[in-house]
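Throughout, protein chains are lettered first and strands after them, A, B, ... in sequence-line order, and every chain is numbered starting at 1.
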Protein chains: 8
Amino acid sequence: MDPERLKALLARVSAGQVTADDALEQLKQLPFEDLGFAKVDHHRSLRTGLPEVIFGSGKTAEQIIEIARSLADGAHNVLITRLDATKAERARAVFPNLSYSVHARLATILHRRPEIIGRGLVLVLAAGTSDLPVAEEAALTAELMGNAVERVHDVGISGIHRLFAHRDKLREAAVLIVVAGMEGALPSVVAGLVDKPVIAVPTSIGYGASFGGLAALLAMLNSCAAGVTVVNIDNGFGAGVAASLINRA
Amino acid sequence: MDPERLKALLARVSAGQVTADDALEQLKQLPFEDLGFAKVDHHRSLRTGLPEVIFGSGKTAEQIIEIARSLADGAHNVLITRLDATKAERARAVFPNLSYSVHARLATILHRRPEIIGRGLVLVLAAGTSDLPVAEEAALTAELMGNAVERVHDVGISGIHRLFAHRDKLREAAVLIVVAGMEGALPSVVAGLVDKPVIAVPTSIGYGASFGGLAALLAMLNSCAAGVTVVNIDNGFGAGVAASLINRA
Amino acid sequence: MDPERLKALLARVSAGQVTADDALEQLKQLPFEDLGFAKVDHHRSLRTGLPEVIFGSGKTAEQIIEIARSLADGAHNVLITRLDATKAERARAVFPNLSYSVHARLATILHRRPEIIGRGLVLVLAAGTSDLPVAEEAALTAELMGNAVERVHDVGISGIHRLFAHRDKLREAAVLIVVAGMEGALPSVVAGLVDKPVIAVPTSIGYGASFGGLAALLAMLNSCAAGVTVVNIDNGFGAGVAASLINRA
Amino acid sequence: MDPERLKALLARVSAGQVTADDALEQLKQLPFEDLGFAKVDHHRSLRTGLPEVIFGSGKTAEQIIEIARSLADGAHNVLITRLDATKAERARAVFPNLSYSVHARLATILHRRPEIIGRGLVLVLAAGTSDLPVAEEAALTAELMGNAVERVHDVGISGIHRLFAHRDKLREAAVLIVVAGMEGALPSVVAGLVDKPVIAVPTSIGYGASFGGLAALLAMLNSCAAGVTVVNIDNGFGAGVAASLINRA
Amino acid sequence: MDPERLKALLARVSAGQVTADDALEQLKQLPFEDLGFAKVDHHRSLRTGLPEVIFGSGKTAEQIIEIARSLADGAHNVLITRLDATKAERARAVFPNLSYSVHARLATILHRRPEIIGRGLVLVLAAGTSDLPVAEEAALTAELMGNAVERVHDVGISGIHRLFAHRDKLREAAVLIVVAGMEGALPSVVAGLVDKPVIAVPTSIGYGASFGGLAALLAMLNSCAAGVTVVNIDNGFGAGVAASLINRA
Amino acid sequence: MDPERLKALLARVSAGQVTADDALEQLKQLPFEDLGFAKVDHHRSLRTGLPEVIFGSGKTAEQIIEIARSLADGAHNVLITRLDATKAERARAVFPNLSYSVHARLATILHRRPEIIGRGLVLVLAAGTSDLPVAEEAALTAELMGNAVERVHDVGISGIHRLFAHRDKLREAAVLIVVAGMEGALPSVVAGLVDKPVIAVPTSIGYGASFGGLAALLAMLNSCAAGVTVVNIDNGFGAGVAASLINRA
Amino acid sequence: MDPERLKALLARVSAGQVTADDALEQLKQLPFEDLGFAKVDHHRSLRTGLPEVIFGSGKTAEQIIEIARSLADGAHNVLITRLDATKAERARAVFPNLSYSVHARLATILHRRPEIIGRGLVLVLAAGTSDLPVAEEAALTAELMGNAVERVHDVGISGIHRLFAHRDKLREAAVLIVVAGMEGALPSVVAGLVDKPVIAVPTSIGYGASFGGLAALLAMLNSCAAGVTVVNIDNGFGAGVAASLINRA
Amino acid sequence: MDPERLKALLARVSAGQVTADDALEQLKQLPFEDLGFAKVDHHRSLRTGLPEVIFGSGKTAEQIIEIARSLADGAHNVLITRLDATKAERARAVFPNLSYSVHARLATILHRRPEIIGRGLVLVLAAGTSDLPVAEEAALTAELMGNAVERVHDVGISGIHRLFAHRDKLREAAVLIVVAGMEGALPSVVAGLVDKPVIAVPTSIGYGASFGGLAALLAMLNSCAAGVTVVNIDNGFGAGVAASLINRA
């Protein structure tokens, strides 16, 4: 029940068209989603520029298309993560304006171009070439959510001068997303060089005692450089969203 | 805002004492706890016979006493779990009717004796002598929540005839709580002998590759005997509550 | 040796046709399964309405068919879990009345329709679309075991108003099965809203630090909402059985 | 070598007082810390309002005092985390203006009161009473770093209406720090209610399969609510710093 | 109901003193422990020379004394493992013939000296000095169960010639118990040198990535030398029992 | 250098055909395998009846054939474990007398039939149908090493009367191999019923919190029934060898 | 900015062609990579004989070729690790002098033959046949980096005389790389026989409780033989590099 | 049997004083330790300058003194690691020349001062103040084994310029020991700056998801900087030994 309907009900009470008791009954039935929080959610993407998001993994192409259709009908921008190429192909047959990055395994169905609403630059750093898909997922997500985004690649800590060559860019950024697998040390080094929020994204790149990204995850959680916060392994999308919220906070 | 106050507001709208717009403003401010769910919670212990519970671990004696006082003032029965003897002593100075089981590390402050409201017998089995504190926590909790409870002790699976000697009791029970450490196999055996709900409680009893109860926990989760559900390691209280809910479901 | 045969033996002793010593010899040989517990097992499904169950994973189609045949010959209802479509196809060639849910990877061979013997409603909630196969396994199992079952889907905690929209249904249920992957928080929230038994089912849905469902499993075991019990990751079947036992306890 | 000294050297080259070769030699010896990044560090606390921080755990009282003295001489505000009461007492004998929170195990030595430089409100939520020390560490840190901070306590998800009673405060916050142990679900619920950055802090509160906070940590990393980032278990200090950086980003 | 009583009952049926129906009733009540398996257990220690065992850890001195008294009354030899010195002192006040090894944390209350009933020599090897308590627990247990036992100490694999100096003893043994912490490699080396059963006992000796004996445990489970079987970390008692059973198998 | 050659050398010294110095030089070069231990190894399979074993996993068909040829030339019986059907086919082309069990993934190349040299019966029990491949690997290995072997299948603990029906067989066995996945409780129950050595074999059968057999492994290591020793997950071969060594110890 | 350019700048200041202020501006812009450390890196492979290395796993053939081209253009020797045969084939079409070891999954593109610059012999030992690919990766890497390398294979500790037959070779080596899976005990034994640096390489060979090489890794980290250092599971390349650095240190 | 005795035996054969058969018998009895390897061990510390080492943890003061006495009698330098102050005090009463570092928990009993036999400088870096005890254990061990050692402290990566200020020292070192807890990234950064062997030592410094040093250990094992090898958590001693062996290799 939105404010208008609530107001109308009260007006009818006020006008003697509905008794207080009947109104009470109606109010008791009033579903939660008509209250404040629900509205936040319902109009969330319109208000905040957040696209609607579908987590593609573990869903069939049919399920994805059905969900996307219901969202897209509402004229929302739609973002589909972890979408493999085959399902993307099938979805494109339904949504001609679907755009797909095979690199980031991410599809977008845009109803309007996102405008830049973030205050500053979101800088996405990737430690190695193999970390690029996750970094690109983060970068595309942040762009879609209305941020200016730049990318710095291949700046692992074992050749730390490569990172330092980008120090102007590091200082320019308002928020930094730092993507690394293996020993996951890059976010700590970066956070020691800037005084801006650093979002660390561990990746599953590695082998053996990397344990699917666990080593990088633990390293980032134990960072001795304060100001680092961490998202799940390979969660480029989550990092992109968090950076967007920070960039407009 | 409880129904009475809501009704009064609507009556004032109806009477023209409050405009629809002003009523709308007041309704917008209406705190969530005045809606249905909140009331469920507020009167929860009175309606269901559930005592109010304080998790004693990690709280100072002062904190425990303060919380207990606010609850007890409301004439609720209060249950304090994981309470060591020193804190219990200090609390008893404040609550003369506090009763303490050093064995189960559990205190109760009763305003009225719990009456039996559970449908059948709750049977608590413990595999070994060292498992008794957890078993007793479960048994006392279930009793406090209005159940007839019986205890069967020292029926570990390595001498399985000891368990079988209690088969009549096993068949009589409506709900069974089975407490075991080490390899944690007792719930599986029991569940194969009855067709009633079995709540498995792993304990931290063991050493080495028991890993603080992990071995027993995993064994219980992997039980090949359907009908077994599991609670946290050493969580006798939780098992007692679950058994109570089942016994009146 | 069933009571009749035992009685006959004693009668022959009484009649002098068998000596006490010979009877003793025969009694020593008496197989365990002739005693009470064995009978419980033998007639278990007839008495309790439990179907016979085959765990399909890791068995060949031939093994499954052979076991199903021996069970079905006994006029039992048969439930086959974790059955892939190919094996289901081969089994259907043998059992024409086999019914298969590709969604829940579950087959049934029914000799008689299960009648409703559970006392109340079993409500199955799933946090996300990807959790549906496990939820459906739980729901179908509970239905097959004689319960009225309803399903509520896509009520994850990050949009908690969607859950609250179903509060009447939550209150109506006698037993709740709550299925969730990722952070596995839904059972805690649900258990805070009802005072009925909640069976939590973690799923392997997730990635990275989900570790195959470990994150959800641990969250559920550590639920701060008493009354929650937990089954193994993806164990929809086990949850369905436990709910059935609770619902007729 | 600061710019002034570098400029002086160049001036002497320009004036012919130093040859190019000699200047080259001197520049080769120029320590790294005289370059740009080093200066960022050297004057870091003055520029950004960050206090100097000493991690108190695993250091002797003597070591802590010695480090604090060298920092305090530089007229910095000093923050000492994880400081037990005994060491705090000894340090106070040396630093009369040392202020100590036994609750948060945190000491401060202030040379000037921190002024509010953060843009908005930092809101710190704690799920349970036992989580308060970590929450307070976060809150005090954020205050010391120049933020308006408010606290909301005891809003665990098993009584979710208590959280909802604070929805205005939730909406008012610019950054949220959410502290929870056990199943660690609170950050997910909160993040579903706001569109601001949420920093999740798992605590070691719990027992059994909590595994010292691992359960809460994993739950937060797997949050289905985008926008959540996570710090180490019990790392209230890190959350406070991250929130400060976000709040002035 | 032992055979004598069963025989007596049948005799009374045969004599017409008890009807077949009454006998049937009595037999239905016949507790499981009167059947064959139970007798195995009841007379187990007398038949096989196994002492009765009390796991001392996690039991109070009172509980231990009570259990020991009930067992000792039956004229059994009693073995108490993981008994600390204080509890041992209290138990000795009750059982004057209690003998205690502070080294192995093991007490015995002997009613008769164990005679040698094992076929061959049980050889107990310990890799390092710190492994001796566990090794001694194994050795004492095996002696108490009637085996000739010899000990070889300090033969870690990093100085492998020390092991080889004992090759005659290795060849002489019928069963070998090999105790090692840290990397736990000794059982593999020993098993490559003999063709007798080797029981590997990992100990919790070590630090860091030993993880309380996990490293040694995993090494032993993965032994490339066939014929090695493993018991729990620090489970000298279990190894002693297994060796005894093997030595008389 | 075998004894004959050593004796010949000494004879030549004795005869003055070789000087002491030259003999010393030759002895210094004497390879280690000519010493005592080496001989044990060299003639190991002939003396003890142990077949030569090739671990098939991770080796190419070519490598397997090459190793098998070198062994088989020595007239040894050869056992190849973890051999898939394709490689078995290729090996059979080279060794016409190769016999392959697709069930146990195990091939044998026999030069002589193994004769029974074990003292008693080796009994192999499997908890479930899915555990049969591992159980069969154990049984075939024990047979090949000269033991009388019998198999008891499908005796999981959730229907414990099925196990008890075999109690005569349990008592007859000299050594028992007990194979179980999931909660891995069968070895504990069996060890409580017999007083013979029990070798527990965890299998990777299970799902979710079975963690690839870890749950069963931990349960078996923590068995409260003394006398149980454990081998690696799915290591039927190792159990068969250990049982053989015990059976002839 | 290299010394020449820096010198030229200073010369122009000295000559009055550039003012001190302008020079200061230019120096402020001076990129980090023009300083000493950067140069170390830039000419690293030329100075030290280290080849340029591409980690092939997780990169597409196109990415690998592109990186290899940029490196090879600089006339460096190039080493590509973890390269599967298909990608190797595609790369060979571009680099005709690419040499590929399918065994070690390692490709080299050599511009000049590596000359021996290591001081002594690098000895690579492998415990089992299945460990050979990792051992070969280590050996080829060390050869490419200018070391004399020898290989000793199939010297697992369960037949320890096979290792001892190579004792002269063990003593001859300057650095030893010891590769082992399963229980990973070989490095400890080897390190007890030599007084040279031993680099331990755990492999993922094994099954069950090997947990993908974790068992071997932990065993090696816990080696009781001092002097052992460890690299990641299956990291033959890293071991080869470390051995090379040690051999020229 | 040393070469002299062997030669004497052969001489007696040659002289006809011993028959070939008798000599063969004596040779068969020849203990392994008389062969080459054993001698290596016996005279190991004299030849190589390695002190004799006692691992103090888990040993009583009496055991330590007894072992130390037997070693010291042989005129060896003795090193006792992980020795607490109380035991050190008791040992000093026996060995007046015992020197104890309470910081590194390490005692030495020197019979002669170690002379410098290492080729170059061993540089020990510690990331934080709390890592100093482990670093000092490494440094003292290396000094005792005859190396020139220098220490660089407090160079954590979050203020990386502090590390760079020591670049000349980094380049000067022949072997580097890098000690770090928390995220353990320092060894990777250091290894990227030098082309010398780097021994990484993870410490247990940290909290929460540090898991007792596991995070640092995994980070170091996954280092993307080749040339890094790793020792156990807190194993300063092992790092010191490995550095010594490398420094004289």
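Most heavy-atom pairs under 4.5 Å with chain G, from the set E/Ser210, E/Gly181, E/Ala185: that is E/Ser210. Chain G forms more heavy-atom pairs under 4.5 Å with one residue of E/Ala127, E/Ala216, E/Ala219, E/Gly128 than with any other, namely E/Ala219.
The side-chain heavy atoms of E/Met182 and G/Ser223, taken from C-beta on, include no pair separated by under 4.5 Å.
Residues E/Leu221 and G/Ala209 come closest through the heavy atom pair CD1-CB, 4.1 Å. Between E/Ile157 and G/Ser188, the shortest heavy-atom contact is CD1-CB, 3.4 Å.
In this structure, G/Glu183 contributes its side chain and E/Leu218 its backbone to no donor-acceptor pair below 3.5 Å.
In this structure, the portion of G/Tyr207 lying under 4.5 Å from any heavy atom of chain E is its backbone and not its side chain.
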